[in-house]
J.: 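Can you read through this structure? Questions will come right after.
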Amino acid sequence: MSQTLGALIADAQEAYATAAVTYQGATIDQKVKSKPALDKAASQLVALQAKQLDEARKVDAEDEAAMKQLRQQVNNAATLQTGLMTLVAVLTKFI
């Protein structure tokens, strides 16, 4: 079942918000490593939202599953960097 880009964006926003909260509680070393990816994810999320205004796209079940897995990853501070890099990779696919 396909979902709209809006559904992917909503999941990405939730994942980003979770990552941002996790980032705030991270150690200074984790923050230093994660900040560039957090900033890039935010930038790509904004770009994706802007692109949504230009065109309607469909997101397949695989994309949605990847985003759900990402949301689980960013819940854990130990996987913050990996989760952010995955978020960036998923969003890049649509920009």
J.: Quick check: do Gln30 and Thr27 have side-chain heavy atoms less than 4.5 Å from each other?
T.: yes
J.: Compare every heavy atom of Gln24 with every heavy atom of Lys31, then report the nearest pair and how far apart it is.
T.: NZ-O, 3.3 Å
J.: Return yes when atom NZ of Lys33 has more than 12 non-hydrogen atoms of other residues, nucleotides or ligands closer than 6.0 Å, and no otherwise.
T.: no
J.: Report the residues that fulfil side-chain contact (heavy atoms from CB on, under 4.5 Å) with Ala37, sequence neighbours left out, ordered by chain and then residue number.
T.: Gln81, Leu84, Met85
J.: Taking only residues two or more places apart in sequence or in another chain, which ones pass salt bridge (Lys or Arg N to Asp or Glu O under 4.0 Å) with Lys35?
T.: Asp39
J.: If you take all heavy atoms of Leu91 and Leu45, which pair is closest and at what distance?
T.: CD1-N, 3.8 Å
J.: Rounded to the nearest 0.5 Å, how far apart are OG of Ser34 and CG of Asp29?
T.: 10.0 Å
